[in-house]
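Heads up, the thing below is written out as structure tokens.
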Number of protein chains: 2
Amino acid sequence: MPRVSSKVPGVQGCAVERTLSLIDGKWKIVVLYKLLRGTLRFNELRRLIPNVTQRMLTHQLRELEADGLIVRTVYAQVPPRVEYSLSARGRSLEPVLMAMKEWGDTNLSSQEAQAA
Amino acid sequence: MPRVSSKVPGVQGCAVERTLSLIDGKWKIVVLYKLLRGTLRFNELRRLIPNVTQRMLTHQLRELEADGLIVRTVYAQVPPRVEYSLSARGRSLEPVLMAMKEWGDTNLSSQEAQAA
DNA sequence: CATCACGGTATCCTTTTTGACACTATGGAC
DNA sequence: GTCCATAGTGTCAAAAAGGATACCGTGATG
């Protein structure tokens with residue numbers, strides 16, 4: 001998706017928009033969602049999210065980390081071990097995620113053709 | 001923003017993603033937000049949302065309409081009069097919008113540099 | 001006659017995002 | 001010696017989104 005994020009700091013709009021810009025990105029929401037249940041390793045996320053490419057997953061994780069929503073922990077091992085988990089800030093997004101989930105569940109149910 | 005929306009119906013992911021895809025788009029959230037307070041005409045929206053171009057506003061409104069979130073009413077007058085208002089479905093998004101607003105208010109406050 | 005307001009369209013161009021694919025290091029298993 | 005797994009990175013190209021600008025019809029106004 002095109003992005004809401006105006007990467008220019010300070011100039012953006014209201015709180016809602018800025019919040020949206022953090023969870024906007026093709027896979028961020030799913031990632032946050034999966035992490036709500038607990039820490040996951042890179043390849044665990046890949047397996048949980050079919051269709052995401054390595055490159056995209058890396059990018060999204062980096063952005064989430066830069067926004068302080070997730071924590072990345074690297075263990076100096078071979079083969080490498082990297083774990084991702086929600087930060088306190090990320091976890092505080094739970095109400096937003098849940099509001100979206102509930103809306104989707106009730107409004108996009110069976111046939112999502114209520115549009116038009 | 002890049003879009004979450006995979007315009008291919010049926011194949012998408014979970015409820016959260018599909019919900020996000022509806023409010024994703026550089027101006028949709030603001031539009032929905034403004035409309036929470038009541039019906040507005042095209043140029044009223046333009047004036048309320050600085051920086052949006054006519055083309056983008058039209059696009060976003062059309063998508064919101066196609067998704068059944070807003071209602072477009074045309075009055076056969078000259079000069080033209082077109083009013084936009086939230087549909088029941090659109091209004092039901094209020095909790096999502098509010099959850100995002102609250103999160104933004106408390107987490108992106110003064111300095112939004114908690115990241116890193 | 002020229003201009004304005006309204007609510008758009010149409011066209012072109014740039015930027016942003018996403019995807020495909022190849023490549024890397026290292027230690028252990030075989 | 002070869003292959004595997006992990007967690008990436010780099011490059012290139014395609015697709016999507018967004019922005020700039022110009023144009024349209026009509027009735028009222030001056």
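Every chain is numbered from 1 and lettered A, B, ... according to where its sequence line falls, protein lines coming before strand lines. Note that the structure is predicted; figures quoted are calculated from it, not measured.
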### Task
Tell me which nucleotide among D/dA20, C/dA20, C/dG7 gets nearest to the side chain of B/T53.
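Of all the options, the side chain of B/T53 is nearest to D/dA20.
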### Message
Looking only at the side chain of A/Q60 (C-beta and beyond, no hydrogens), which of the listed nucleotides D/dG19, C/dG19, C/dT18 gets closest?
### Response
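Nearest to the side-chain atoms of A/Q60, counting from C-beta on, is C/dT18.
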So, taking the atom named [atom1] in [X] and the one named [atom2] in [Y], what distance separates them when rounded to the nearest 0.5 Å?
X     : Y     : atom1 : atom2 : answer
A/R18 : A/D24 : CZ    : CG    : 15.0 Å
A/L40 : A/L61 : CG    : CG    : 10.0 Å
B/R91 : B/I70 : CZ    : CD1   : 12.5 Å
B/F42 : B/T58 : CZ    : OG1   : 3.5 Å
B/L35 : B/L64 : CG    : CG    : 8.5 Å
A/R55 : A/Q60 : CZ    : CD    : 10.0 Å

Using atom names, set out every protein N or O paired with an N or O of nucleotides 10-13 of chain D below 3.5 Å, distance rounded to 0.1 Å.
from	atom 1	to	atom 2	distance (Å)
D/dT11	O4	A/R55	NE	3.1

### Task
Please step through side chain to side chain contact (heavy atoms under 4.5 Å, CB included) for the pair A/L20 and B/K28, ending with a clear verdict.
CA-CA 11 Å; A/L20 178 59; B/K28 287 189 188 173; over 6 Å; no
### Query
Looking at B/K26, does any N or O in its side chain come under 4.0 Å of the phosphate oxygens OP1/OP2 on C/dT16?
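Answer is no, no contact under 4.0 Å.
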### Query
Would one find a side-chain N or O of B/R62 under 4.0 angstrom from OP1 or OP2 of C/dT9?
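For C/dT9, OP1/OP2 do have a side-chain N/O of B/R62 under 4.0 Å.
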#### Entry: Full working for side chain to side chain contact (heavy atoms under 4.5 Å, CB included) between B/M98 and B/Y33
CA-CA 9 Å; B/M98 295 318 275; B/Y33 221 74; 3.9 Å; yes
Mind listing the side-chain donor-acceptor pairs of residues 71-88 of chain B below 3.5 Å, one per line with the distance, residues two or more places apart or on another chain?
from	atom 1	to	atom 2	distance (Å)
B/R72	NE	B/Y84	OH	3.1
B/Y75	OH	B/E83	OE1	3.2
B/R81	NE	B/E83	OE2	3.4
B/R81	NH2	B/E83	OE2	2.9
B/S87	OG	B/G68	O	2.6
B/S87	OG	B/L69	O	3.1
B/S87	OG	B/R89	N	3.3
B/S87	OG	B/G90	N	3.0

Please report the distance, rounded to the nearest Å, between [atom1] in [X] and [atom2] in [N].
X     : N      : atom1 : atom2 : value
A/M56 : D/dT9  : CE    : C1'   : 15 Å
A/I49 : D/dA7  : CD1   : P     : 14 Å
A/L45 : D/dT6  : CG    : P     : 13 Å
B/N43 : C/dA5  : CG    : P     : 10 Å
B/L61 : C/dC6  : CG    : P     : 16 Å
A/E63 : C/dT16 : CD    : P     : 13 Å
B/Q54 : C/dA10 : CD    : P     : 13 Å

### Query
Would A/D105 and A/K101 pass as an ion pair if we require N to O under 4.0 Å?
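Here A/D105 pairs with A/K101 in a salt bridge, since their nearest N and O are under 4.0 Å apart.
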### Message
My understanding is that only residues two or more places apart in sequence, or in another chain, count here; which of them pass side chain to side chain contact (heavy atoms under 4.5 Å, CB included) with A/N43?
### Response
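In terms of side chain to side chain contact (heavy atoms under 4.5 Å, CB included), with neighbours along the sequence ignored, A/N43 is linked to A/R46, A/R47.
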### Task
Return the set of residues passing side chain to side chain contact (heavy atoms under 4.5 Å, CB included) with A/E102 (not counting sequence neighbours), or none when no residue passes.
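None.
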### Task
Would you indicate what B/R46 reaches in the nucleic acid, counting non-hydrogen atoms under 4.0 angstrom: base, sugar-phosphate, or nothing?
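If one applies the 4.0 Å heavy-atom cut-off, B/R46 turns out to touch nothing in the nucleic acid.
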### Message
Contact list please: residues 31-42 of chain B against DNA chain C, heavy atoms, distance less than 4.0 Å, in numerical order.
### Response
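Residues of residues 31-42 of chain B that come under 4.0 Å of DNA chain C are, in numerical order, B/R41, B/F42.
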### Task
Please work out which residues in residues 70-86 of chain B have a non-hydrogen atom less than 4.0 Å from an atom of DNA chain C and list them by number.
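Contacting residues: B/R72, B/P79, B/P80, B/R81, B/V82, B/Y84.
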